[in-house]
K.L.:
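Handing you a structure now.
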Amino acid sequence: MNVDIEKVASAPSPPPLAAPSSSHPNTKETKLTTAQDADLSDSSDLDSPTTTPDEEEEEEEEFIPPDGGLTAWFQVLAACLINMLAWGYPTAFGVYQLHYRDTLRLPEAQVSWIGSLQVFLAFALCIFSGRLADAGYIKSTIIAGTFLVVFGTFMTSLCKEYWQIFLAQGLCTGLGLGIIFMPPLSVVNSYFKRKKALALAISATGTGLGSVVFPAVIQYLIPKVGFAWAVRCAGFVALGISVVSVVLLRPVLKPRRSGPVFEWDAFREGPYLLFTLGAFLFFWALFFGSFFINAFARNIVGFSTTDSVQLLLITNGMSVVARPITGYLADNYIGPINMHAFQMFLLGCMFFFWLAVDSATGLYVFAIFLGFAMGAAQGVFGGALASLLKDPRKMGTRFGMVCTLCAFSSLAGPPTAGAIIDRSNGTYTWACVWAGTVVVLASFIIMSARIAVTGFKLAVKI
């Protein structure tokens with residue numbers, strides 16, 4: 001369009017306009033910007049309304065999670081698939097532990113370091129992957145992590161020595177597991193409010209599903225195709241799971257680009273500090289059950305290798321049943337933190353009950369209850385922490401901080417149990433006492449976090 005510059009210059013200037021008051025109907029419109037506005041060049045930004053960081057935060061607080069719908073539940077499915085890989089894979093290390101111990105002729109404690117490193121890295125990298133998730137790098141983070149998982153799995157199939165397995169399965173695969181865990185969890189958290197604990201618990205059932213699928217693939221394919229190709233088949237399963245999850249994920253919150261990777265000020269909040277301490281102790285002893293129940297069945301009760309793996313599958317399968325049940329009860333009746341503390345206490349008691357198991361029948365019954373208790377305690381872990389957070393955009397960072405600290409306890413847990421068993425001449429008595437004491441203490445600390453929020457009130461849902 002042509003403009004006569006001389007006419008414009010000679011035209012009388014309009015009288016100055018008074019600044020609009022905060023009650024003007026167009027004031028709200030001047031505050032709103034779209035994601036496309038943020039990507040415009042600097043010259044266009046001069047002509048378009050801008051927002052201050054405080055106004056952007058106010059807009060984000062106005063976001064109302066859909067709390068349901070097909071897209072929201074697809075995010076739960078995607079997170080479930082990622083959990084199959086992120087936690088189902090390392091939880092299945094009990095099968096590998098038996099194979100490595102029999103083929104490499106190594107002590108329990110030394111072999112367990114491979115699985116412990118996997119779990120350590122799966123936790124330790126959460127602080128970085130969580131911050132990347134908050135910044136909006138959801139799919140790219142998952143793609144990078146799944147590449148490492150699949151690559152490490154295929155390299156494991158070629159390994160012959162302990163140090164090779166340690167690097168491939170422990171280090172490479174563990175790095176990938178740590179990268180993929182947090183992003184889908186952050187997405188699910190943003191889609192739900194009233195049903196948050198249920199949605200997170202359902203997504204956590206992937207852990208139980210993965211801990212059934214991966215050991216079953218390894219155990220039942222070894223006699224048919226050998227260990228190497230059994231591990232490669234597990235790698236193909238991991239690849240398929242990853243592709244489907246990436247296709248399904250749809251982030252909904254605006255990325256939070258600025259902000260620290262580690263928020264030290266969070267530990268000034270009493271409830272968050274207590275929750276972190278309780279989680280640290282909880283994960284120190286948690287993997288004792290899944291890592292050692294099949295070894296106990298074979299070495300103490302007299303199970304065959306196949307029967308001992310079936311026992312592990314029963315334990316892991318029961319956790320699938322437990323997670324949605326506890327999530328539903330937490331959302332509708334009890335509250336996530338209350339449920340988490342109660343289920344942790346029951347799990348600690350189950351470790352003490354392990355002392356009374358001395359027969360095959362008793363062990364099968366115990367495995368059912370142990371699997372349910374482990375799944376229930378883990379299922380509401382994410383919902384319990386989410387209930388302490390006021391800003392959903394910080395879920396990745398805050399949750400990642402907890403997981404990173406828990407990495408050190410989970411790293412030390414199985415070797416600690418293995419060392420206790422070796423020092424006890426192969427008996428499991430003192431290992432059970434150690435695990436039960438630690439988890440019961442953790443449940444009391446989690447309840448202290450709840451009391452720090454509500455005070456000494458019994459009938460409070462939180």
K.L.:
Determine which pairs satisfy salt bridge (charged side-chain N to carboxylate O under 4.0 Å, His left out) with at least one residue from residues 432-447, sequence neighbours left out, and list them in order.
P.N.:
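Qualifying pairs: none.
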K.L.:
Assess whether atom CZ of F369 is packed by more than 12 heavy atoms of other residues, nucleotides or ligands within 6.0 Å.
P.N.:
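At most 12 heavy atoms, drawn from other residues, nucleotides or ligands, come within 6.0 Å of this atom.
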K.L.:
With sequence neighbours excluded, give me every ring pair (Phe, Tyr, Trp, His ring centres under 6.0 Å) pair touching residues 114-134.
P.N.:
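Pairs touching residues 114-134 that pass the test: W87-F123, F120-F408, F123-F283.
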K.L.:
Tell me, do T429 and S424 make a side-chain contact under 4.5 Å, heavy atoms counted?
P.N.:
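They are not in side-chain contact.
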K.L.:
Would V111 and L104 count as a side chain to side chain contact (heavy atoms under 4.5 Å, CB included) here? Give the steps.
P.N.:
CA-CA 9 Å; V111 175; L104 301 177; 5.8 Å; no
K.L.:
At their closest point, which heavy atom of G362 faces which heavy atom of V357, and how far apart are they?
P.N.:
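Reported closest heavy-atom pair: C-CG1, 4.0 Å.
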K.L.:
Check for a donor-acceptor pair, side chain of Q164 on one end and backbone N or O of K160 on the other, with a separation under 3.5 Å.
P.N.:
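Yes.
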K.L.:
How long is the gap from OH on Y428 to CD1 on I293, to the nearest 0.5 Å?
P.N.:
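If I round to the nearest 0.5 Å, the distance is 10.0 Å.
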K.L.:
Apply side chain to side chain contact (heavy atoms under 4.5 Å, CB included) to F296 and V301, showing your working.
P.N.:
CA-CA 7 Å; F296 175 85; V301 182; 3.7 Å; yes
K.L.:
Within the distance-only criterion (no hydrogens, no angle test), does the side chain of Q75 pair as donor or acceptor with the backbone N or O of T71 below 3.5 angstrom?
P.N.:
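Looks like yes, one N/O pair under 3.5 Å.
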K.L.:
Using a cut-off of 6.0 Å, state whether more than 12 heavy atoms not belonging to F353 lie near its atom CZ.
P.N.:
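It does not: F353 CZ has 12 such atoms or fewer within range.
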K.L.:
What pairs of residues pass the ring pair (Phe, Tyr, Trp, His ring centres under 6.0 Å) test when at least one of them lies in residues 194-216, not counting sequence neighbours?
P.N.:
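Matches after skipping sequence neighbours: Y89-F214.
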K.L.:
Look at the aromatic rings of Y96 and F93 and report parallel, tilted or perpendicular, splitting at 30° and 60°.
P.N.:
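Y96 vs F93 ring planes: parallel.
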K.L.:
Look up atom CD1 in I218 and atom CZ in F227, then write down how far apart they are to the nearest 0.5 Å.
P.N.:
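If we round to the nearest 0.5 Å, I218:CD1 and F227:CZ are 6.0 Å apart.
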K.L.:
Between S186 (side chain only) and P183 (backbone N and O only), is there a donor and an acceptor less than 3.5 Å apart?
P.N.:
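Between the backbone of P183 and the side chain of S186 there is no qualifying donor-acceptor contact (under 3.5 Å).
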K.L.:
Can you tell me how far apart OG1 (T207) and CG (N83) are? Round to the nearest 0.5 Å.
P.N.:
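If I round to the nearest 0.5 Å, the distance is 4.5 Å.
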K.L.:
Look only at the side chain of T173 and the backbone of G170, and say whether a donor-acceptor pair between them is shorter than 3.5 Å.
P.N.:
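Not confirmed, T173 side chain does not pair with G170 backbone.
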K.L.:
Show, in sequence, the C-alpha distance, side-chain angles and deciding distance for L177 and L121, and conclude whether the side chain to side chain contact (heavy atoms under 4.5 Å, CB included) test is met.
P.N.:
CA-CA 7 Å; L177 297 175; L121 292 173; over 6 Å; no
K.L.:
Donor-acceptor pair, distance only, cut-off 3.5 Å: does the side chain of N316 make one with the backbone of V212?
P.N.:
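A pair under 3.5 Å: no.
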K.L.:
Do I202 and W73 have side chains that get closer than 4.5 Å, going by heavy atoms?
P.N.:
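A side-chain contact under 4.5 Å exists here.
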K.L.:
I'd like to check N294 versus D307 (side-chain heavy atoms, cut-off strictly below 4.5 Å). Are they in contact?
P.N.:
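In short, these two side chains do not touch, never coming nearer than 4.5 Å.
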K.L.:
What closest approach, in Å, do C432 and L355 show between heavy atoms, and which atom pair accounts for it?
P.N.:
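Nearest pair, atom of C432 first, then L355: CB-CD2, 3.7 Å.
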K.L.:
Which value, rounded to the nearest 0.5 Å, describes the distance between N338 atom CG and T454 atom OG1?
P.N.:
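Result: 7.5 Å between the selected atoms.
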K.L.:
Can you check whether D67 reaches Y191 side chain to side chain, under 4.5 Å on heavy atoms?
P.N.:
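Of all side-chain heavy-atom pairs linking Y191 with D67, none is under 4.5 Å.
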K.L.:
Would you say that more than 12 heavy atoms from the other residues, nucleotides or ligands in this model lie under 6.0 Å from the CZ of F366, or not?
P.N.:
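Atom CZ in F366 is packed in, count exceeds 12.
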K.L.:
Sequence neighbours left out, what passes ring pair (Phe, Tyr, Trp, His ring centres under 6.0 Å) with W163? Give chain and number order.
P.N.:
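Per chain and number, W163 pairs via ring pair (Phe, Tyr, Trp, His ring centres under 6.0 Å) with no residue.
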K.L.:
So I420 and T416, do their side chains get closer than 4.5 Å, heavy atoms only?
P.N.:
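Yes. Closest side-chain heavy atoms under 4.5 Å.
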K.L.:
With side chains defined as the heavy atoms from C-beta onward, is the minimum distance between R250 and K139 less than 4.5 Å?
P.N.:
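Heavy-atom side-chain distance check passes, below 4.5 Å.
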K.L.:
For R232, check salt bridge (Lys or Arg N to Asp or Glu O under 4.0 Å) against everything at least two apart and list the hits.
P.N.:
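Residues passing salt bridge (Lys or Arg N to Asp or Glu O under 4.0 Å) with R232: none at all.
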K.L.:
Counting only heavy atoms from other residues, nucleotides and ligands, does the tally under 6.0 Å from OH of Y100 exceed 12?
P.N.:
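It does: Y100 OH has more than 12 such atoms within range.
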K.L.:
Please list all pairs passing the side-chain hydrogen bond (donor to acceptor under 3.5 Å, both in side chains) test where one or both residues lie in residues 319-332, with sequence neighbours left out.
P.N.:
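Matches after skipping sequence neighbours: none remain.
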K.L.:
For residues W354 and F292, establish whether the separation of their ring centroids is below 6.0 Å.
P.N.:
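For W354 and F292, the ring centres are not under 6.0 Å apart.
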K.L.:
Please test F345 against M447 for side chain to side chain contact (heavy atoms under 4.5 Å, CB included), starting from the C-alpha separation and ending with a verdict.
P.N.:
CA-CA 10 Å; F345 179 80; M447 184 54 66; over 6 Å; no
K.L.:
To the nearest 0.5 Å, how far apart are CG in L185 and CD1 in I180?
P.N.:
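So the gap between those two atoms works out to 12.5 Å.
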K.L.:
Please identify each residue that fulfils ring pair (Phe, Tyr, Trp, His ring centres under 6.0 Å) with W284, with sequence neighbours left out.
P.N.:
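Result, ring pair (Phe, Tyr, Trp, His ring centres under 6.0 Å) vs W284: W434.
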K.L.:
Hey, does L117 have a side-chain heavy atom less than 4.5 Å from the side chain of W113?
P.N.:
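No, side chains not in contact.
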K.L.:
Just by modelled atom types, is the T153 backbone N or O under 3.5 Å from a matching donor or acceptor in the Q169 side chain?
P.N.:
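No, because the side chain of Q169 does not come within donor-acceptor range (under 3.5 Å) of the backbone of T153.
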K.L.:
If the plane angle is over 60° it's perpendicular, under 30° parallel, otherwise tilted; pick one for F147 and F151.
P.N.:
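It falls in the parallel class, under 30°.
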K.L.:
How close do L363 and A297 get, counting heavy atoms only, and between which atoms?
P.N.:
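Minimum heavy-atom contact is CD2-CB, 3.4 Å.
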K.L.:
What residues, two or more places apart in sequence or in another chain, satisfy ring pair (Phe, Tyr, Trp, His ring centres under 6.0 Å) together with Y364?
P.N.:
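Once residues adjacent in sequence are excluded, the partners of Y364 under the ring pair (Phe, Tyr, Trp, His ring centres under 6.0 Å) criterion are F303.
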K.L.:
Going by ring pair (Phe, Tyr, Trp, His ring centres under 6.0 Å), name the residues that satisfy it together with F280, two or more places apart in sequence or in a different chain.
P.N.:
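With neighbours one apart ignored, the set is empty.
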K.L.:
Is it true that a side-chain atom of T404 and a backbone atom of I127 form a donor plus acceptor pair closer than 3.5 Å?
P.N.:
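Flag set: sc T404 to bb I127 pair under 3.5 Å.
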K.L.:
Can you give me the closest heavy-atom contact between A449 and P271, atom names plus distance?
P.N.:
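Smallest interatomic distance, heavy atoms only, reads CB-O, 3.5 Å.
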K.L.:
How many angstroms lie between OG1 in T315 and CD in Q310, if you round to the nearest 0.5 Å?
P.N.:
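These two atoms lie 12.0 Å from each other.
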K.L.:
Closer than 3.5 angstrom, by distance alone: can the side chain of S443 be matched with the main-chain N or O of V440 as a donor-acceptor pair?
P.N.:
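Judged by distance alone, yes, a pair lies under 3.5 Å.
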K.L.:
Return the minimal non-hydrogen interatomic distance between Y137 and S140, and the atom names on each side.
P.N.:
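Y137 and S140 have their closest heavy atoms at CB-OG, 3.6 Å.
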K.L.:
Would you check if C172 and M155 make a side-chain contact, meaning some heavy-atom pair closer than 4.5 Å?
P.N.:
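SC-SC contact between C172 and M155 ruled out.
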K.L.:
State whether the side chain of S409 and the backbone N or O of L405 hold a donor-acceptor pair below 3.5 Å, judged by distance alone.
P.N.:
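Checked: no pair found.
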K.L.:
Quick one: closest heavy-atom pair of L385 and V402, and the distance?
P.N.:
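Here L385 and V402 meet closest at CD2-CG2, 4.0 Å.
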K.L.:
Can you tell me which residue pairs pass the salt bridge (charged side-chain N to carboxylate O under 4.0 Å, His left out) test with a partner in residues 395-419, sequence neighbours excluded?
P.N.:
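Listed once each, the pairs are E263-R398, E269-R398.
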K.L.:
List the residues meeting salt bridge (Lys or Arg N to Asp or Glu O under 4.0 Å) with D265, not counting sequence neighbours, and say none if there are none.
P.N.:
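Partners of D265 under the salt bridge (Lys or Arg N to Asp or Glu O under 4.0 Å) test: R268.
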K.L.:
Please list all pairs passing the salt bridge (charged side-chain N to carboxylate O under 4.0 Å, His left out) test where one or both residues lie in residues 278-300, with sequence neighbours left out.
P.N.:
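Output for this query lists D102-R298.
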